Amino acid sequence: MLTVIAYAVAVIFVWGILSRFIIWLSSPNPLKIPTTPAPKTFSGVVARIAGEVVLFQSLFKADKKLWLGGWIFHVSFLLIVLRHSRYFLYPVPEWVMVFQTIGIYAGFTLILALAFLFIRRLTIDRVNYVSSFMDYAVLLLLMLIGITGLTMKFIGRPNLIDIKAYILGLFSLSPEAMPDSTVFILHLLLFLLLLLYFPFSKLLHAGGVFISTTRTQTDTPVEKRHITPWAK
Amino acid sequence: MAKIGAPELTGRIEIPKLAEGASADQKSYIAKPDNMAALSFPRERLPNWKEKAIEKFGELLKKYRSLQLSMDICVKCGACTDKCHYFIGTKDPKNMPVARQELMRKVYRKYFTTEGKLFGGLARAADLDDNLLDEWFTYFYQCSECRRCSYYCPYGIDTAEITMAAREIMDSIGYGQKYTLEIIGKAETIGNNLGMLGPALRNTLDFVEEEIKDNTGVDIKLPTDVEGADVLLVTPSADFFATPHVESLIGYAKVFHQAGISWTFSSYASEAGNFGMFIGNYDHMKTINKRIWDAARELKVKRVIAGECGHAWRAMYSFSNTLNGPFDYLDKKYPSPVHICEFTLDLVKKGAIKLDKSANDGFTVTFHDSCNVARASRMGDKIGGQFIIPRELIKAACNKYVEMSRGTTHAETFCCGGGGGLLTDELIDLRVKGAMPRMQALKAVIDSNGVNFFALICAICKAQFTKIFPYYGLEMEMVGGVHQLVSRAIILGAKEGV
């Protein structure tokens, strides 16, 4: 059953993201609207986007506390994903070992950062005002994923060999027996829920930031005529 | 008019606690049926307006990626919540950029997303009913499209794009704003936002010529419709008669005169401003912009120069080439409009005109970056030239220059509170409150440095500040243009060595 769900979610996730990108990219940018000062060259734009994606530079200018909380959460998430790659890769490459210890710390910083973001959303009147149930729910979901993950590490350690065999089976499209661990199944289900929600929600910001019009356009309206089919 | 309360000037900008509905009564007047019809909009609100609005919304999502992306990717992090001058001034939570966007996004969720269809109210999806449309009309005309929020947004979401789309949707169902649509009507039929006809314009300019002659003893012309002039100057029509705008107009004329460059206004394109931008309507923006290029072609000028106006500069610099370019009939050296500040500074640097800074020794000057110049355009070749060039020009024209505090200038500048189609009397309370953050920053340099000249490069900023300064107990005479300083400092007469 879990196996069926996993495949279904994977298909929906990939289809959802792809179709969203198709919707985004098929809608044109009729006018030059970079937020200036803006770079004049493509390499300048790459640097600007890298600054947004890696360092969250606009957010840094906007709100230092939020920047810190948000950045720690995202970096923790990345480290955890990298750490998890040892469950998907066989044989395990050398570089994955680098993330084993730090990935555990990241599990804690992830939960702390999420708790900060949750409390902040609840207590700052301006942010609370614009928050919906779903905004809180997704923070809780991420926290639960983190908590079930750390539970497996520190409380009830399931049989890793079984889990890895199961995951590798999923990836190679020849599913193995489901591991006998409630925490693991819960952890995986919650993660699948996150993937399922992703393409239909604000979590799409992870993809959208790369094509944001005001950040990706060059400031060259005069140098080169910018023209789209509907706005001739 | 109800309460018009100017906040107290302390020199500090404080982020307020929320006061729900605090500016809900600040509503624009609805456009008249004839005015709507003249611009090809329905005369009044359509009986099936809701369907039509959703249909238009869907169309705009397919036409503007910025809109589609903004609807999808906001995480409501709150970074923008304390950045809008209208929120800081009015305390109304619906003036927080994300909350303003949410007015549209909740309709998007309901009609265009799986999330909204599945979770409804839990995801804050909502029907576009009479109440919500009413809020759209109120709060999308409480945004000056200044883009300050877009500068801080981690994904570059630009509320201006959303406001423009909302106004476009409302216009398309016959629910327009009187102020912007009247002005667009005048600009498209008469050629300027004031509806000033050719002969009236000529009379006004004759009067200005006399005034210059009286004050300087020099014959300086402000020509109209001169075929074969080198330069077509396109300036906001307020420059022709409003105070202090006209002082900058005199400045432009002196610059051309002293540099010995032939120039002209066009009575056909006697407006730099383009309110088509404010309502997010591509066709009207294009129509208004086209007058400039038709006039340039007809008058056979070599180049076009733009006067002191913020959104006009955005339209001319950022959009013109897309709308009506290429301008291959102009001199190849000047393929696009140049800002008057860049033009004048260049003449100063080349020594073609000389400025006597001491003429402005009575002034301690500070400069207010206009939002559309700061965050939606550039001057000159250098990135950030829109900040450097006006400052260099001011410093070439006066000895005492002071910056306002960091976080309120350059790309982080605050809007004057009257931009984006809100410079109308019925919104005066909103305008007074929206100016508050800028006024606090100004107050700080008045107290610490004795600033007594507030230099601007935008007709809307000039009109807005002269109107609201008295509410704050400040002298409106402090407000002036950058070319007003140039006008006072420029040395007229025979050039050395000539």
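Everything numeric here is computed off the predicted structure, so don't read it as measured data. Lettering follows sequence order; numbering is per chain, from 1.
Of the possible donor and acceptor atoms, none in the side chain of A:Lys232 sits under 3.5 Å from a partner among the backbone N and O of B:Thr322. Here the side chain of A:Ser58 pairs no donor or acceptor atom with the backbone of B:Tyr152 at under 3.5 angstrom. With hydrogens and angles ignored, the 3.5 Å screen pairs no side-chain donor or acceptor of A:Arg126 with any backbone N or O of B:Met96. Side chain of A:Arg225 to backbone of B:Gly325: a donor-acceptor contact under 3.5 angstrom is found. Panel note: side chain B:Arg124, backbone A:Ser131; a donor-acceptor pair is recorded below 3.5 Å. Without hydrogens or angle criteria, B:Asn321 side chain to A:Pro221 main chain gives a donor-acceptor distance under 3.5 Å. Although no hydrogens or angles enter the test, the distance criterion places a donor-acceptor pair under 3.5 Å between the side chain of A:Thr36 and the main chain of B:Ala374.
With a 4.5 angstrom heavy-atom cutoff, B:Asn372 does not touch chain A via any of its atoms. The contact between B:Ser377 and chain A is made entirely by backbone atoms, counting heavy-atom distances below 4.5 Å. Contact annotation for B:Lys17: both backbone and side-chain heavy atoms come within less than 4.5 Å of a heavy atom of chain A. Heavy atoms closer than 4.5 Å to chain B are found in both the backbone and the side chain of A:Pro30. For chain A, the nearby parts of B:Tyr151 are the backbone and the side chain; heavy atoms of each come within less than 4.5 Å. With a 4.5 angstrom heavy-atom cutoff, B:Leu118 does not touch chain A via any of its atoms. Proximity to chain A involves both the backbone and the side chain of B:Tyr64, based on heavy atoms less than 4.5 angstrom apart. With a threshold of 4.5 angstrom between heavy atoms, B:Ala160 does not approach chain A through any atom at all. If you measure heavy-atom distances from B:Thr113 to chain A, you find no contacts under 4.5 Å at all. Contacts of B:Met285 with chain A are made by side-chain atoms alone, with heavy-atom separations under 4.5 Å and no backbone atom involved. Using a 4.5 Å cut-off between heavy atoms, B:Cys74 contacts chain A through its backbone alone, with no side-chain atom that close. For B:Arg314, the part sitting under 4.5 Å from any heavy atom of chain A is the side chain, from C-beta outward, and nothing else.
Counted within 6.0 Å of CG on B:Asp381, heavy atoms from surrounding residues, nucleotides or ligands total 12 or fewer; the atom is thus considered open. Counted within 6.0 Å of NZ on B:Lys290, heavy atoms from surrounding residues, nucleotides or ligands total 12 or fewer; the atom is thus considered open. Surrounding OH of A:Tyr105 are at most 12 heavy atoms belonging to other residues, nucleotides or ligands under 6.0 Å away. The number of heavy atoms from other shown groups lying within 6.0 Å of CZ (B:Phe112) is above 12. Atom CZ of A:Phe133 has 12 or fewer neighbouring heavy atoms from other residues, nucleotides or ligands inside a 6.0 Å radius. Within 6.0 Å of the CD1 atom in A:Ile102, the count of heavy atoms belonging to other residues, nucleotides or ligands does not exceed 12. Atom NZ of B:Lys333 is surrounded by 12 or fewer heavy atoms from other residues, nucleotides or ligands within 6.0 Å.
The shortest side-chain heavy-atom distance between A:Ser27 and B:Leu61 does not fall under the 4.5 Å cut-off. Between B:Leu69 and A:Trp24 the shortest side-chain heavy-atom distance falls below 4.5 Å. For the pair B:Ser318 and A:Leu31, the minimum side-chain heavy-atom distance is 4.5 Å or more. Residues A:Pro28 and B:Lys62 are not in side-chain contact: their nearest non-hydrogen atoms beyond the backbone lie 4.5 Å or more apart.
B:Ser150 and A:Thr35 share a donor-acceptor pair across their side chains, judged by distance under 3.5 Å alone. Inspection of the A:Glu52 and B:Tyr155 side chains reveals no N or O donor paired with an N or O acceptor under 3.5 Å.
The CG atom of A:Asp125 sits 4.0 Å away from atom CG of B:Leu18, with the distance rounded to the nearest 0.5 Å. Atom OG in A:Ser212 sits 10.5 Å away from atom CZ in B:Arg65 (nearest 0.5 Å). Of the inter-residue distances, the one linking A:Asn128 atom CG with B:Lys76 atom NZ reads 11.0 Å to the nearest 0.5 angstrom. From A:Thr214, atom OG1 reaches atom CD1 of B:Ile157 across 8.5 Å, with rounding to the nearest 0.5 Å. In this structure, CD on B:Gln68 lies 8.0 Å from OG on A:Ser26, to the nearest 0.5 angstrom. Of the inter-residue distances, the one linking B:Ser66 atom OG with A:Ile33 atom CD1 reads 4.0 Å to the nearest 0.5 angstrom.
Comparing A:Glu223, A:Lys224, A:Arg20 by how many heavy-atom pairs each has under 4.5 Å with chain B, the most go to A:Arg20. Ranked by non-hydrogen atom pairs under 4.5 Å with chain A, the options B:Gly78, B:Ala376, B:Ala411 are led by B:Ala376.
Taking both residues in full, the closest heavy atoms of B:Lys63 and A:Trp230 are given as O-NE1, 3.0 Å, listed atom of the first, atom of the second, then distance.
By the 4.0 Å N-to-carboxylate-O rule, A:Lys202 lies too far from B:Glu102 to be salt-bridged with it.
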* Could you walk me through whether A:Tyr129 and B:Lys94 pass the side-chain contact (heavy atoms from CB on, under 4.5 Å) check? -> CA-CA 9 Å; A:Tyr129 180 87; B:Lys94 293 203 174 76; 3.6 Å; yes
* Can A:Asp219 and B:Tyr317 be said to form a side-chain contact (heavy atoms from CB on, under 4.5 Å), step by step? -> CA-CA 10 Å; A:Asp219 180 19; B:Tyr317 169 80; 2.8 Å; yes
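The contact list for residues 81-89 of chain B toward chain A, using heavy atoms and a distance under 4.5 Å, reads B:Thr81, B:Asp82, B:Lys83, B:Phe87 by residue number. By a heavy-atom distance cut of under 4.5 Å, A:Arg120, A:Arg121 are the residues of residues 113-123 of chain A near chain B, going up by number.
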